[in-house]
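This report refers to the structure that appears directly beneath it.
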Amino acid sequence: MPPWTQTTAIFLLALAFSWVACFVIYRLALTRLVRDTVFWRPLLARTRGPVQLQLMIMAASFAANTVPLPWEEGRVLRHLLLIAFIACTTWVLRTALEIWMQLHLRRFRIDVEDNLLARKHVTQARILQRVGTTVIVVIGVSAALMTIEGVRQYGVSLLASAGAAGIVVGFALQPVLRNVFAGLQLALTQPIRIDDAVIVEGEWGNIEEITATYVVVRIWDRRRMIVPLNYFMEQPFQNWTRNDATLIGVVLLYVDFAVDTTALRAEAERVVRASPLWKGDVFALQVTDFREREAEIRILADATNAGRAFDLRCHIREALLDYLQREQPHALPRTRNAVEVAAPA
């Protein structure tokens, strides 16, 4: 039998054996070992491809060491198989991290009214998942590059030199590094979380997405504001749901001095108590200021979140405007003029 025929036959037998071994291992694992495990079962299902590829790489590496290949061709083939094995291992680790995060976040729902704890865990998990994925990929790429002699020596010499090139690279990577450290600090301190109601650059919206370098804020009119990650660590902003989503809505009325505040307070309290938007803890009506031609009346009422507080404020304005027009038209703002008629000479 010619040498090339023997080489081809050995490689085909090794690949076939690896395929059968993968089939047997997964059949035993799924039917006997991990039938009731919520983590290992989806992990095995999603990593069957890379694991089978790893077994094929190992079988091909064994065959490459067995068949009579020329030295140079065998060395290149074994090197390529090693790099492929590192890539598959990186793939499996990244998939395992993703599945673990999905199972961890399955216990928390942010589509409920009291979602403070859920938003906290979702924010931490997503940021740490991106950081962990980046670390796994970087380690995998580094391990693959370190198998190449020239690249390994260049990397060691570049790290040891600490010369002008290192300074230039450091300055060039400064924005990236700032965002990376800001992401870690954000995951630990959590000044913002997913679905937090915030005011950024004068715009009100909710935190929709937190990536490794930027944050997406969904503005109330469905626009999207893209903000660098380090902005939330260096610039002041308002977070309306930091510890509690409850907000106190403020309504200001400007009325004439002839208004009956007692009747207006009773009507405002009736409107607020009848509204399903009111949380039930805070209500007040006070005259807070006098102006040249009108009095300022402030009404306070609380709601469970920012959206309900906004709707409650609008409801109070509409109801009290209708009441003033109907019951106290004399309390609407007016301008008074005094006309003096001079006595006839």
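Along the sequence shown, residues are numbered consecutively beginning with 1.
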Checking Tyr254 against Glu294 for the side chain to side chain donor-acceptor pair (under 3.5 Å) test, could you report, in this order, the C-alpha distance in whole Å, the side-chain angles of both residues, the deciding distance, and whether it holds? CA-CA 6 Å; Tyr254 297 95; Glu294 58 202 8; over 6 Å; no
Within a strict 4.5 Å, meaning less than it, do heavy atoms of the Asn206 and Asp196 side chains meet? no
Heavy-atom distance under 4.5 Å between the side chains of Met233 and Pro191, does that happen here? yes
Do Phe257 and Phe290 have their ring centres less than 6.0 Å from each other? yes
Heavy-atom side-chain proximity of Tyr214 to Tyr231 below 4.5 angstrom: no
Just wondering, do Arg326 and Gln328 contact through their side chains at under 4.5 Å, heavy atoms? no
Distance only, no hydrogens: is a donor on one side chain within 3.5 Å (strictly under) of an acceptor on the other, for Glu318 and Tyr323? no
Would you mind reporting whether Leu320 and Glu267 have side-chain heavy atoms less than 4.5 Å apart? yes
When you measure from the side chain of Arg313 to the backbone N and O of Val251, does any donor-acceptor pair fall under 3.5 Å? no
Is the closest basic N to carboxylate O distance between Arg265 and Glu269 below 4.0 Å? no
Hey, what's the ring geometry for Trp240 with Trp204, parallel, tilted or perpendicular (30° and 60° as the breaks)? tilted
Gap separating the CD atom of Gln238 from the CD1 atom of Ile199, nearest 0.5 angstrom: 4.0 Å
Do the side chain of Arg222 and the main chain of Arg218 share a donor and acceptor less than 3.5 angstrom apart? no
Determine whether a donor-acceptor pair (N or O, by modelled atom type, separation under 3.5 Å) exists between the side chain of Arg308 and the backbone of Ala306. no
When you measure from the side chain of Thr90 to the backbone of Ile86, do you find a donor-acceptor pair of N or O atoms at a distance under 3.5 Å? yes
Does the pair Arg223/Glu203 count as a salt bridge with the N-to-O cut at 4.0 Å? yes
Could you check whether any side-chain N or O of Thr304 sits under 3.5 Å from a backbone N or O of Thr246, counting only pairs where one atom can act as donor and the other as acceptor? no
Check whether any side-chain heavy atom of Asp302 sits under 4.5 Å from a side-chain heavy atom of Leu247, and report yes or no. no
Is it true that a side-chain atom of Asn239 and a backbone atom of Val198 form a donor plus acceptor pair closer than 3.5 Å? no
Residue pair Leu252 / Ile297, side-chain heavy-atom distance below 4.5 Å: no
Are the side chains of Asp195 and Ile207 in contact, using a 4.5 Å heavy-atom criterion? no
